[in-house]
Amino acid sequence: MKTINKISFNDIESIPQLVKDFLNQKIEGFEDHTFSLDHFSQQIHLKKDSFSSEQRDVLFEAFEKQLSELTLSSKQKENLGNLKLPNTFTITTGHQLNLFSGPVFFVYKILQTIKTCTYLKENFPDFNFVPVYWMASEDHDFAEINHFKTENNYYETNETSGGPVGRIQINDIYFISEFEKEFKDSVFGTELILMLKEAYKTGYTLTQAIKILVNRLFSEFGLLILDGDSTELKQQIKDVFKDELLHFSLQKTSKDKVDFLTGKYGKVQVNPREINLFYLSETRDRIDFNGKKYVVVDTDIQFSEEEIIAELESHPERFSPNALMRPVYQEKVLPNLAYIGGNAEIMYWLELKDYFSQVNIPFPILIPRNSMLFLKEKTLGKIEKLDLKIEDFFQNFTVITNHKILKDNTVLKLLEEKEELLINNFAQLKMSAETTEKSFGNMVKAEEVRQLKSFKRMKKRLLHAEKIKQSELLERLENLFLDVHPSKTWQERVYNFSVFFSDYGYSWLENCLEEMVVQDSKLIIVAI
């Protein structure tokens, strides 16, 4: 494995402008929430002053209870113990409970979280930094997480869903035998198959499965795994939930930020609701207010104001944050300094800054995660042979393809020469037309537009003709694009980590960790 390029997000066309502006400190009010040692120093003091020893005790006990069934490494035990100390802070990432971890960027998020802790310890030796993976166990969209894909196959499991996915028990394990067929002859296939069988046993919940899998992969790095579906932790957030039920504060307080982001960037990632909470029964359903009663949507459950507050006091575990409230819950119960997430996550976190101030919780540093791309030497050879650069595949590749098809085309050159001549001739005509009656000048301008449109049509037809003539080159370019972008999207959003682990094992994880860039957001391209 050899890293061949690290491309800044600023140089990639498809990275949202909002993320680029955030990274470049061009969004007012967020300058101190980007990655820098000065910002981390500020954040340490902010969090130290706002996170009590009592909160640390609750957190320690929650971790200890949730991790009790796992075999912890010495580094995990050390990190767990350190959480009781006032000089210990967390760096967190979160993700859904995708089957066998889902797309491989899940792994990249966690590795960057781990490396960020190492980097901070080197620069702030008097403090401890603990990497945390927050399990999105309360999500209820099972269809989003019940599958994963390799280069050759698609795997899924079918279970009864509707409630929090973390509570779903595993019954359908047919995918394991199919996975075994694909990987039994791979170098590290046996390790992968054992990993899958250990995590996905009949009767286990999806929370248990992901916990076992993540611990197997990352225990030696000291990663701690936390499930927000916890009575003890939700006791800590009751006041915030109560305020949300009574005053609809998140929507009201975030309105200015949402309006600003919508106005400047066209839309926001997630629109706040009047009440940003779900109710957990047999299912997970949104809480709404109809003016008189609190209604649990799609059920017969209703509460008066007094009843729902009493329910919250007695059973906080029955209340579940939505995508916008979850960051607030996380930052309330963790001594957290920074959140590492994908572009979409960063974009909805930005909506919440004013709300964090309202509920008196420090808003964290936000870090758009690194991306990684592993390309075979054969693919890189084809790219070079076609006189392309890997960066070309992260620009507008249609433009790149068209340029390649029409490169050194004599007809195009002639068309462009005649078009330029036409423009020059009309420039002279328009100057002369200004000396006569206005309607004649307008006719000259209109005629120029008409004739230039003809040139545009001719160039378009020329491109179409050349694509037919050079169909073999076009096919090579299209196939090469799919080698880089399987399913026409980024590789990390399609393939499962098993695609790479099967050939390289834990050394692949080590290599990913080594190549991660914690101070900046980059696409890291590695030859394999």
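Just the heavy atoms: all of them, side chains too, but no hydrogens, waters or symmetry mates, feed the values below. For the single chain, residues carry numbers from 1 onward in sequence order.
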Problem set entry | Trace of the ring-ring contact (aromatic ring centres under 6.0 Å, His included) decision for His147 with Phe175 | CA-CA 9 Å; His147 57 274; Phe175 68 94; over 10 Å; no
For this session: Given side chain to side chain contact (heavy atoms under 4.5 Å, CB included), test Glu138 with Arg167 step by step and report yes or no.
Result: CA-CA 8 Å; Glu138 294 181 63; Arg167 300 180 187 180; 5.9 Å; no
In terms of side-chain heavy atoms, does [X] have a donor or acceptor partner in [Y] at a distance below 3.5 Å?
X      : Y      : answer
Lys109 : His95  : yes
Arg284 : Ser320 : yes
Glu351 : Gln269 : no
Ser254 : Asp354 : no
Ser137 : Asp229 : no
Asn128 : Thr88  : yes
Gln251 : Asn276 : no
Asn5   : Glu391 : yes
Glu515 : Thr3   : yes
Asp285 : Thr283 : yes
Asn10  : Asn24  : yes
Glu492 : Ser371 : yes

Problem set entry | Atom of Asn496, atom of Ser101 and distance for their closest heavy-atom approach | ND2-OG, 3.5 Å
Seminar exercise, completed: Heavy-atom nearest pair, Pro364 first then Phe356, reads CD-CE2, 4.4 Å
Problem set entry | Sub-6.0 Å ring centroid separation between Phe500 and Trp508 | yes
Exercise. Can you check whether Phe397 and Phe393 have ring centres sitting under 6.0 Å from each other?
Worked result: yes
Exercise. Between Leu217 and Leu509, does a side chain to side chain contact (heavy atoms under 4.5 Å, CB included) hold up when you go through it step by step?
Worked result: CA-CA 9 Å; Leu217 288 171; Leu509 287 179; 4.2 Å; yes
Exercise. Roughly how far, to the nearest 0.5 Å, is the CG atom of Asp243 from the OG1 atom of Thr253?
Worked result: 7.5 Å
Exercise. Given the rule in the salt bridge (Lys or Arg N to Asp or Glu O under 4.0 Å) test, do Lys238 and Glu313 qualify, once you have shown the distances and angles that lead to the verdict?
Worked result: CA-CA 7 Å; Lys238 280 196 304 186; Glu313 289 294 334; 3.1 Å; yes
Exercise. Side chain to side chain donor-acceptor pair (under 3.5 Å) with Lys115: which residues, sequence neighbours excluded?
Worked result: none
Exercise. So, the side chain of Asn123 versus the backbone of Leu120: is there a donor-acceptor pair under 3.5 Å, distance only?
Worked result: no
For this session: Verify, without hydrogens or angle tests, whether Ser73 (side chain) and Ser219 (backbone) share a donor-acceptor contact under 3.5 angstrom.
Result: yes
For this session: Return yes when atom NZ of Lys26 has more than 12 non-hydrogen atoms of other residues, nucleotides or ligands closer than 6.0 Å, and no otherwise.
Result: no
Check residues 11-20 and write down every donor-acceptor pair under 3.5 Å in which the side-chain atom is one partner and the other belongs to a residue at least two apart or another chain.
from, atom 1, to, atom 2, distance (Å)
Gln17, NE2, Asp21, OD1, 2.9
Lys20, NZ, Ile12, O, 2.9

Exercise. Of His33, Glu331, Glu345, which meets side-chain hydrogen bond (donor to acceptor under 3.5 Å, both in side chains) against Tyr339?
Worked result: Glu345
Exercise. Taking only residues two or more places apart in sequence, or in another chain, which ones meet Lys201 in a salt bridge (charged side-chain N to carboxylate O under 4.0 Å, His left out)?
Worked result: none
For this session: Decide ring-ring contact (aromatic ring centres under 6.0 Å, His included) for Phe106 and Phe497; before the verdict, give the C-alpha distance in whole Å, the side-chain angles of both, and the deciding distance to 0.1 Å.
Result: CA-CA 9 Å; Phe106 172 84; Phe497 81 96; 8.5 Å; no
Exercise. Only one of Phe35, Phe40, Phe129 clears side-chain contact (heavy atoms from CB on, under 4.5 Å) with Tyr119; which?
Worked result: Phe35
For this session: Check whether NZ of the Lys or CZ of the Arg Arg56 lies under 6.0 Å from the centre of the six-membered ring of Phe89 and within 45 degrees of that ring's axis.
Result: yes
For this session: Let me see the working for Trp134 and Tyr329 under ring-ring contact (aromatic ring centres under 6.0 Å, His included), right down to the final yes or no.
Result: CA-CA 11 Å; Trp134 180 287; Tyr329 176 31; 5.3 Å; yes
Problem set entry | Derivation and outcome, ring-ring contact (aromatic ring centres under 6.0 Å, His included), residues Tyr154 and Phe148 | CA-CA 6 Å; Tyr154 176 89; Phe148 67 93; 8.5 Å; no
